[in-house]
Amino acid sequence: MTAKPHISCQFKRDYPQLINLYPTCTIATQHSLDNLNRLRHQCLTALLTQPSPHLCVMGQWGLGDGIELLSFIHYWQTLAKTQNLPRLLLKVFEPNPINYYELKLLWDQSQSLILHPHLQPIANAIIEAKPARIIGCQRLIFDDGRISLDLDFGDLQTMLVNQPHCGTYPIQQWLILPHLAPQLSRKILWQMARLSADDAHFIGVELAETTQNLAKTCGFSPLTITADMLCGEQIDSIASQIVTDDILLHERKLLRQQANNHQAFTPRPSQVASTKQPIAIIGGGLASAHLMLSLAEREQSSILFCKDNDLGQGASGNRQGAIYPLLTPENDELSRFFQQAFLFSRRRIAALSLASMKGSDVASGVMPISHDFCGVLQTGHDERSQQRLDKIIQSQDWPAEIAYAVDASEANKIAKIGIDKAGFYYPLGGWVCPFEYAKAAVDKASQLANVQCHFNTEITEIERDAKGWYLLSQDQRFGPFRQLVLANGAQLTQFSASERLQISPFRGQVSHIPSQFQLSQLATVLCANGYLTPSHQGLHCLGASYVKAAEHLDFCPLEQLENLGKMQQSYPNQDWVEDIDISANSARVGVRMVTRDHFPMMGCAPDVNEIWARYEQHQINQQQAEQIRHYWQTTPAPIHDGLYILGGLGSRGLSSGPLAAECLAAQLTDEPLPLDWPTLNKLSPNRMWLRKLLKGKAL
Ligand SMILES: Cc1cc2nc3c(=O)[nH]c(=O)nc-3n(C[C@H](O)[C@H](O)[C@H](O)COP(=O)(O)OP(=O)(O)OC[C@H]3O[C@@H](n4cnc5c(N)ncnc54)[C@H](O)[C@@H]3O)c2cc1C
């Protein structure tokens, strides 16, 4: 039973404001758009004729009214039907974040799609993907990963400075929309140059001469086009000659080197995965399933080793889990990461669900995912939690699609049962069945690439020689694998190479409650001291206990009572709480791995012994604090070559897992990441040590 909030009343910007911020480019006719697309395609000829390029990355400066973007996606999709094209990643840099509701308003009111009706399905797909008005990169994936769109929203210079450079797949081409061209400062252009291929094209609509000259001083050969040129028939002769200047190229390389040195403490994979050799993964939960999917979208094969007889038997085995972003009053990196991740995960659920419905008479091959985006209603449960929630609500102007404050009567309407207190409502949140979510991801992955699952295979040891990593089970030795990912949830620290990771297991029991009486009316996920989901197949999930270093995973009657007690404390005097019947002792127990800073762990496995050895050496040498800090900042941090970590998803893995997996897949294949440097540093598994060392503190 889905709550239906009147979300439209929460948005503040109207059409005149929108069209001012996202103006129409001069290219309005279909003929001009076609010509622009052909020109952009022609400029890529050198790349497209290379033997099997895997990915083409294009940058767009400004969103405008989005028509150029829609049109190019349509062009690429059409061409891909007859030509062997690489995958496409479009990165749009836009200073003014916009959400799906406003995009629809913009497209509806401008009537631009009436002129270009063939673009409507792509516009719909973007709207359905629910981009939000948030800072940071939002990755939208279409056509099973053949087309991805990164909406990079926020301060342009900050975004560019914080983008990691991608050596294998740099930006091949820029399209500069006229209304944002004046913002192209020298500093910004150098950053664009850093992120671009040395022969990248720089195409501008009506570029001013000063901008062209500036672009030239940063090593671009700008190609400026006018509306007249695009109306004509001579477009084929326009593609420019790229003039490469050795001195300027040298400058770019220095910039890349400088940026990489500055972030050396967050290590990158030393070698790129090869599609011919599978990446080995130890796991079987949500993290590994989504890694397999993200790799498969890149045509990268993978091989899973799981100790259970099926996917989703560990922490990912619950019937229902809440999905919504973790926000902080400061809207710091953690909060921003969780908004990006939550939206990404939501898109994954929607896309996989759609895939499961495809093919009416033949089975789609993708497990349907039980879920309901019925929203999540958060309320305080004691003075402290209420203060914290108030602080979150009041400290930021949160986009309404992320969360908005509701009063007691609105809370009652949303929940359809008595809440009688004000709260914070996450309209796009809801619940999802984690093990179905994991299975659907692997189903989809196996349709896209060679994916193998070895069940009932517990890996007891891992070891490495010059050829790669080997995995040892009781009676077999698998390998060598050039890349091995540990995504083994609660057992993450079981191997000597990972035993020192700073992460702790917390047992959790989720109670299964029969749906009855008033309780059965619950229409949104309630989150206070613990959470309560709307009913699914006649049961609600009530959870979860939180027990450190538990000795067993057996059912615990006390924790069952605790779960009930939390609801009684959170919603005192509500009749429906009496409908919660725990007497059947039905529950599920799992273990989540929790980091102190609540970020997941994603990236190269740190060689902690070597970090300590170097630390001791530097301490003994009594070097100056500043020199030591510089050393740790600019020296690649020690890692176990070829070994990666994907874990520590804590109590929010349904939100954070899929994006963390997407980032690791991008790292392993050296593709552009949907996260910036500051966030990557926070996700790095070595951060607990490096954070201190970078501050010159003792370990
Ligand atoms: C009680 C509880 C309630 C939760 N509620 C929510 C919620 O409401 N919302 C939310 O977002 N998140 C929730 N979470 C967290 C979320 O479920 C986890 O973050 C997520 O499922 C972790 O996925 P994972 O793949 O990292 O780990 P897991 O799902 O535990 O997967 C790890 C896998 O590794 C396999 N494995 C381990 N060691 C080996 C080995 N040596 N060899 C072979 N295989 C091995 C295991 O069989 C297992 O399948 C909850 C977790 C718990 C425990």
Side-chain angles (χ1 to χ4, degrees), residues 280-292 304-326 338 341-342 345-346 349 376 429-435 437-439 441-442 453-462 471-474 478 484-495 498 503 505-512 525-527 530-533 541-547 550 553 556 559 563 587-595 598 600-602 645-658 660-661:
I281 304 169
I282 305 178
L286 198 80
S288 24
H290 279 267
L291 178 61
M292 292 169 100
L304 176 78
F305 298 90
C306 175
K307 69 182 167 70
D308 305 320
N309 60 4
D310 201 353
L311 295 163
Q313 305 291 297
S316 312
N318 290 333
R319 292 171 47 82
Q320 292 172 294
I323 167 165
Y324 65 111
L326 171 68
F338 266 96
F342 155 70
S345 182
R346 199 182 181 284
I349 296 170
V376 173
W431 66 264
V432 60
C433 171
F435 64 85
Y437 191 15
K439 283 182 184 175
V442 175
C453 295
H454 288 258
F455 290 113
N456 301 310
T457 309
E458 177 163 8
I459 303 303
T460 50
E461 231 176 288
I462 55 172
L471 286 69
L472 279 66
S473 70
Q474 210 172 19
F478 304 92
L484 166 62
V485 180
L486 304 183
N488 52 332
Q491 283 75 40
L492 188 62
T493 51
Q494 79 174 91
F495 305 111
S498 60
I503 193 161
F506 283 82
R507 173 197 148 104
Q509 181 167 306
V510 177
S511 311
H512 301 151
V525 177
L526 297 183
C527 173
Y531 61 88
L532 179 65
T533 59
C541 280
L542 169 64
S545 55
Y546 205 73
V547 184
L553 293 184
C556 172
E559 286 174 43
N563 283 345
R588 186 177 187 281
V589 180
V591 175
R592 56 283 230 213
M593 287 300 260
V594 178
T595 58
H598 302 291
M601 279 188 184
M602 186 286 302
I645 305 293
L646 181 61
L649 302 184
S651 303
R652 297 289 186 116
L654 302 178
S655 292
S656 61

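Note that this is a predicted model, so its numbers are computed, not measured. Order of listing sets the numbers, starting from 1, for every ligand and every atom in it.
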Qualifying residues under side-chain contact (heavy atoms from CB on, under 4.5 Å), relative to Cys556, sequence neighbours excluded
Arg507, Gln509, Leu558, Glu559
With a 4.0 Å heavy-atom cut-off, what residues sit around ligand 1?
Ile282, Gly283, Gly284, Gly285, Leu286, Ala287, Phe305, Cys306, Lys307, Asp308, Gly314, Ala315, Ser316, Asn318, Gly321, Ala322, Thr457, Glu458, Ile459, Ala487, Asn488, Gly489, Gln491, Gln494, Gly508, Val510, Tyr531, Ala544, Gly590, Val591, Arg592, Leu649, Gly650, Ser651, Arg652, Gly653, Leu654, Ser655
Side-chain donor-acceptor distances from residues 304-318 under 3.5 Å, at least two apart:
unit_1	atom_1	unit_2	atom_2	d
Asp310	OD2	Lys439	NZ	3.0
Gln313	NE2	Leu311	O	3.2
Ser316	OG	Leu286	N	3.0
Asn318	OD1	Arg588	NH1	3.3

Measure from the ring center of Phe478 to the ring center of His454 and say whether it is less than 6.0 Å.
yes
Write down the atom of Phe495, the atom of Glu461, and the distance for their closest heavy-atom approach.
CE2-N, 3.8 Å
Tell me every residue that passes ring-ring contact (aromatic ring centres under 6.0 Å, His included) with Tyr546, counting only those two or more places apart in sequence or in another chain.
Phe506
Considering all heavy atoms, the nearest Cys453-Val442 contact:
SG-CG1, 4.0 Å
